[in-house]
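It should be emphasised that the depicted structure is a prediction, and the values quoted were computed from it without experimental measurement.
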Amino acid sequence: MSYGVAARELYEALTWHDGAEPYETVVAQWLDRAQGGYRAWLATAAEDGSWWTEDTTEPGGRELVWELYALHRVSDLLLLPFQPPADQPGSPDPRPMLSEREYLGLFTSLGMTPFDDGDVFDPFLHEIAEVEQADDPHAPIEITELRWPGLMLGRLLFSRAGVRVRAGAANAQRGVADRSPLYWTFRRRHRPTVDLSQGWGRNSQWRTDFRLDYRTPTGDRLNAAAAHPIDGSADLHPDHPGNLSPEERLLTPGERRTLLRHRCLLREPEAADTLAGSPAWEQDLMPFDWRLPHCES
């Protein structure tokens, strides 16, 4: 890393830290070395464009995508105490590492802007952490509590705010919207997660792309660096390895779009019985390169 500091280093220092005051002994010292060039490098990602394809400078755009992923893993680690408890009996509670003020202090020092306002649920900004099932199955998704704040880096979404919601089962099903696998995510206390680092070695796992979502004046760009149409390619045979997988094809077009927007499913899929024949289908699903048609952006 050209700037003398890396998010992986901070993540590993926090996981190894055993003493008190991790902010002062780990985070503050890391931040002292992370100003100037490092912060300016992160700011490269703040505006929508094609910076992630530019490798003419050192470090290049791909390395910044990897660095944002590593920084997001730091966030995932620090947010664990803010999340609902795990369903498994006897699961240990994560020890609080930073207060919310210290958490925000870390990321605002790197140029990010927190957000925790807004009463209207927005899947771009809000991650469903817990569902209270409304009696009316068609009741809309409504925020009832903020669990943790979100962060923006310019127009780039870095981390969504975690919220507890009330909703009818037709819109967000308890046990699915808040407990099914969350994609593009390394770790949650209360639910399984799936990202492309899983299954790789100690070093290779850090070469994982960060998902790039931009909120722009002309609309949201979801998974901006993605290359594969969310409905597959009509130019390829359905069984072509470059087309949608069998598991992806079993999801309806609407379910695929829900998964892309919310990073998880909100209700049991229509083909749940068929998918149950492949117990690992949720882990085998590969939505990471899905791209919406331009008309839906």
Asker: Is a donor from one side chain sitting under 3.5 angstrom from an acceptor on the other, for Glu67 and Trp41?
Answerer: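 There is no such pair between these side chains.
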Asker: Hey, is the main chain of His138 close enough, under 3.5 Å, to the side chain of Asn171 for a donor-acceptor pair?
Answerer: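 A pair under 3.5 Å: yes.
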Asker: Are Arg215 and Asp48 ion-paired here, with the side-chain N under 4.0 Å from a carboxylate O?
Answerer: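 No.
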Asker: Test salt bridge (Lys or Arg N to Asp or Glu O under 4.0 Å) on Arg263 and Asp213; report intermediate values, then the result.
Answerer: CA-CA 12 Å; Arg263 308 191 186 205; Asp213 286 2; 3.1 Å; yes
Asker: Can you name the nearest heavy-atom pair linking Val65 to Asp209, along with the distance?
Answerer: CG1-CA, 3.4 Å
Asker: Within 45° of the six-membered ring axis of Phe186 and under 6.0 Å from that ring's centre, is NZ or CZ of Arg73 located there?
Answerer: yes
Asker: Please lay out, stage by stage, how Tyr183 and Trp290 fare under the test ring pair (Phe, Tyr, Trp, His ring centres under 6.0 Å).
Answerer: CA-CA 12 Å; Tyr183 295 83; Trp290 284 355; 8.3 Å; no
Asker: Give me the atom names and distance for the closest heavy-atom approach of Glu130 to Arg174.
Answerer: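 Shortest heavy-atom separation between Glu130 and Arg174 comes out as CG-NH1, 4.1 Å.
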Asker: Parallel, tilted or perpendicular: which one describes the rings of Tyr38 and Tyr3, with boundaries at 30° and 60°?
Answerer: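 Rings of Tyr38 and Tyr3: perpendicular, over 60°.
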Asker: Are the charged groups of Asp231 and Arg257 less than 4.0 angstrom apart, N to O?
Answerer: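 A salt bridge links Asp231 with Arg257.
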Asker: Checking Arg8 side chain against Ala70 main chain: does a donor-acceptor pair fall under 3.5 Å?
Answerer: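 Such a contact is absent between Arg8 side chain and Ala70 backbone.
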Asker: For a quick test of reading the model, state the closest non-hydrogen atom pair linking Thr208 to Tyr69 and the distance between them.
Answerer: O-CB, 3.1 Å
Asker: Return yes when atom CG of Asp135 has more than 12 non-hydrogen atoms of other residues, nucleotides or ligands closer than 6.0 Å, and no otherwise.
Answerer: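 For Asp135, atom CG is not crowded (no more than 12 foreign heavy atoms under 6.0 Å).
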Asker: Would you say that more than 12 heavy atoms from the other residues, nucleotides or ligands in this model lie under 6.0 Å from the CD of Glu12, or not?
Answerer: yes
Asker: Carefully, step by step, assess Arg164 and Glu132 under the rule salt bridge (Lys or Arg N to Asp or Glu O under 4.0 Å).
Answerer: CA-CA 8 Å; Arg164 189 175 193 269; Glu132 176 189 344; 3.2 Å; yes
Asker: Backbone N or O of Val176 within a donor-acceptor pair of the Arg267 side chain at under 3.5 Å?
Answerer: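 Not at all, since once roles are kept as given, no pair shorter than 3.5 Å links the two residues.
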Asker: Hey, what's the ring geometry for Phe107 with Phe158, parallel, tilted or perpendicular (30° and 60° as the breaks)?
Answerer: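 Tilted.
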Asker: Step by step, would you call Arg187 with Leu79 a side-chain contact (heavy atoms from CB on, under 4.5 Å)?
Answerer: CA-CA 9 Å; Arg187 191 175 176 188; Leu79 287 176; over 6 Å; no
